[in-house]
Structures are given as C-alpha cells and as structure tokens.
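Data block below; observations after.
Quick note: numbers below take in every heavy atom, side chains included, and nothing from hydrogens, waters or symmetry partners. Note that ligands are numbered from 1 as they come in the structure, with each ligand's atoms numbered from 1 the same way.
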Amino acid sequence: MSSGKALDPSNTIRSGNDRSRCAVSKNCGGCIYASVPYAEQLKKKEKSVKDLLSGICEVRPIVGAKEPLYYRNKVHWAFGHLGTHLIAGRYAEGSHRIIENDHCLLEDKECAKILSDIRELAIKFKIRSYDERTRQGLLRRVLLRKGSTTGEIMVVLVLSSPVLPGKKGFIKSLLEKHPSIKTVLININTRTDSMILGEKTICEFGRGFIYDELLGVRFKISPESFYQINHDQTEKLYSLAIDAASLKKGEKILDAYCGIGTIGLCAASSTEGILLTGVELNRAAVSDARENAKLNAERTSAFTKARFIAADATKFMTEAAAKNEKYDVVFLDPPRAGTTQEFITACEKLSPERIVYVSCDPVTLARDLKIFKKHGYEPQYAVPVDMFPFTEHVETVVQLMLQ
Ligand code: SAH
C-alpha cells in the first residue's frame, strides 16, 4: 500500500478528516459507500452475507482492510477533451463522462501521480485525445498496474493507431520522472465498445510485464492478466482459503477457475509435496499460470508438479469424474455467476474430502451451497473479506466437508 498508517475506521470519504475527503464523489459515483464510515460499511457487508447464508452455515466476522483507501493497484484513466483542452480521469459510473480527479481515494497514489504526469506530457507533446463520437484523435486511455510488493509499474498507452508522434521523447520523459516504471506498452484499440484494451499490444520499453508477489510466491502480470486489485486483502483472502483447505503433505489439489494460478500456487507453496492441477477458460491466463509455476519452481517441489489446463471448469470436472480421477481438495473461485449444477454433481463423483469455495457474489454462493448440501457437502463456516472498500462488493471463503 502506498500510504502509511492505518485510518481510523470511522473515517468516510466525504466526511472524515482532510486526508479522507473526496471532492467529486457525487459526480463520480464510483463509491457507493462514499459517505458511510468504514466500520459501518463492514457491518453492512457482514450482515448481507449473514442474511444470505442464514440457515446454511456459520458466518464468521468480516475481515476488513487495515488501510481502506488507496488500495487499487490497477488504475486506468480515459482521455478526452473539453473544448480544445485535453482532460483525463475516470469515467463517471455508468457513463463516458470524464471526471478529472488527481486525488481519487481508492487509486494507488503513485499510479495517480504518473497518470496526471502523462496528461501533462500529452499536452506538452501535443498528442490528441480520441473522440468517441467522431472516432478522430489518438490517445484513448492509459492503464497502469503496480506490483504492490515489488513496486514495479506497467504503463499501457491505449491508442487508436500505432503511430505516436514524439514517442521516444515522450517515453524518455516519463521514465526520467518515474523510475519505478519497468515497462511501457502501446495497445491499439480500434473497437467501438467500452473494452479498455484492443487486440494488439506492442512493448516499447522493458519486458512487457511486471512481477508481483502474493504470500511469498512470485507472479508475472501481463496487461491482460486477471489479477486481484487489492494486494493486502488478497493475501488475507488466500490465507483463509488455504487454512480452510487443511492441506496435508503430498495431497492432490484442484484449483478451478484458477486465473493465473494464484490460489493453487500459494496453496502449493504452503505445504510440502502438493500435486496441483489448475483449470481455467482463458488461454492467456493459463499460459501465465504455467510460467508462474516454472518461475517459482526452485522454491518447492510442488511447483514442478503443477499442471494447468485450458478448459471450461464444468467440462473438465465432468471428464475427470468419468475417468475416476482423485483429488483431496477442490478450490473453486468462479466469476459472479457462480458455478454450475454439473460442476457440483461432478464434485460428488470425484468426492474430495474438502472443498473451498471462494466467492465474489454471496447471492450465487448461497444458491450453490444449497446444491452442494444436496450432494453430500456440508458448509462448515464462511468468512466474508472486504476486498473493495467503499464499494458494495464482498468476497466470501467457505469451507465444505464431505459428509
Ligand atoms: N482464482 C483467480 C481468478 C478468479 S476470477 C484469482 O484469484 O485471481 C474467475 C476466473 O474464472 C477468471 O480467470 C475467468 O477467466 C475464469 N472463468 C470464467 N468462466 C470459466 C469457466 N467456465 N471455466 C473455467 N474458468 C472460467
């Protein structure tokens, strides 16, 4: 985290002390809990999980953030213009209206400073911002990612065409100001939808990716990789998931919906001789996961016994059940839609002793836990984790045991 000591949890974005005051929260709309003291936000989130899981299992106290501000390690600003003046900032919630705000209380401070310097440089180098209506102009967005442990920063300039006038001087000036920038890429986005990145990315400086660490395990992060945006809370979430798995030496584990392999590889590093299989739909993430296993291979034998498969998690599970494969523990971390009835049926056939469900939506979690119960898995306890302070989102870890 970029800022020092922990905030008093009674602070709010709009009505706390000077450090926790946001001038634009009303126009921006990104923080639904802008005027709610942090302690109260936690209570609200805990209650919503308790209500949804009532009658299903015990819900333990929510794990809040020590520092609820400046947690976003992935920050992107849109570029546009007001008359002839170049502007840059977040889009207001649900619109493409740019809100200029160099002091967003959720964005990593160093990233926000780099972005405001990029805006100054764009003005100095006379780079035209892109106009979504006329489809004229060049600079659409800038995406920054920061490795919270390593301090490495990636800058992705999203352009409507590959030709950036004064490119060398622009990048040189930026690097001189901010030596923590380890790589600069240009992404060409000619799309008309609201996707941030287009298909083609060219590396202009550095290795094209950054490293970060979670629980002592190193991860390669590419511009497109899914990577949790709140580093400190992610470590707490994963530690809870690993605790819930009660791993023993040499066990066989499955990480379903594994992204770049973060949960599985952290779990594998926690216990000797773990045999890890990860399954994930996104091919780029699977290739990152394989590299991440190699990258950490010297640390423990577990990583050399990791395999990652690009497939639909349900299809993989159904085939594994048909082949009578055995797993001691299954982790699943599906998107907000939750998992499928078929995934759960296949779990029953594979009969791992323990299942750890990491959920980003308590509504679909409650639905899936009820189905797990019918298939012989009893939820033991749930722990909500506040990954996104000031927003309404809440993650939850649940331990399930085969009855
Ligand atoms: N466990 C990872 C990623 C969680 S996000 C982490 O903590 O970083 C959910 C992941 O599920 C995404 O990477 C997404 O690409 C993947 N996914 C979505 N649908 C899927 C499916 N049907 N089968 C497998 N993976 C899927």
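In this structure, Glu120 does not pair ionically with Lys177, as no charged nitrogen and carboxylate oxygen lie closer than 4.0 Å.
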For residues 248-256, dump all side-chain donor-acceptor pairs below 3.5 Å to protein atoms at least two apart in sequence or in another chain.
unit_1, atom_1, unit_2, atom_2, d
Glu251, OE1, Lys248, N, 2.9
Glu251, OE1, Arg354, NH1, 3.2
Glu251, OE1, Arg354, NH2, 3.3
Glu251, OE2, Arg354, NH2, 2.7
Lys252, NZ, Lys326, O, 3.4
Asp255, OD2, Gly264, N, 2.8

Listed pairs under 3.5 Å, donor-acceptor, residues 379-392 side chains, sequence neighbours left out:
unit_1, atom_1, unit_2, atom_2, d
Gln380, NE2, Glu378, O, 2.8
Asp386, OD1, Lys45, NZ, 2.7
Asp386, OD2, Tyr38, OH, 2.6
Thr391, OG1, Phe388, O, 2.8
Thr391, OG1, His393, N, 3.3

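Residues satisfying the side-chain hydrogen bond (donor to acceptor under 3.5 Å, both in side chains) criterion with Lys374, sequence neighbours excluded, are absent altogether.
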Which protein N or O atoms sit under 3.5 Å from any N or O of ligand 1? Give each pair with its distance.
unit_1, atom_1, unit_2, atom_2, d
ligand 1, 1 (N), Tyr257, O, 3.2
ligand 1, 1 (N), Asp333, OD2, 2.8
ligand 1, 7 (O), Gln228, NE2, 3.2
ligand 1, 7 (O), Tyr238, OH, 2.5
ligand 1, 7 (O), Asp333, OD2, 3.1
ligand 1, 8 (O), Tyr238, OH, 3.4
ligand 1, 8 (O), Thr262, OG1, 3.4
ligand 1, 13 (O), Glu280, OE1, 2.8
ligand 1, 13 (O), Glu280, OE2, 3.3
ligand 1, 15 (O), Glu280, OE2, 2.6
ligand 1, 22 (N), Asp312, OD1, 2.7
ligand 1, 23 (N), Ala313, N, 2.8
ligand 1, 25 (N), Leu281, N, 3.2

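The distance from the CD1 atom of Ile171 to the CZ atom of Phe125 is 10.0 Å, given to the nearest 0.5 Å.
Inspection of the His231 and Thr149 side chains reveals an N or O donor paired with an N or O acceptor under 3.5 Å.
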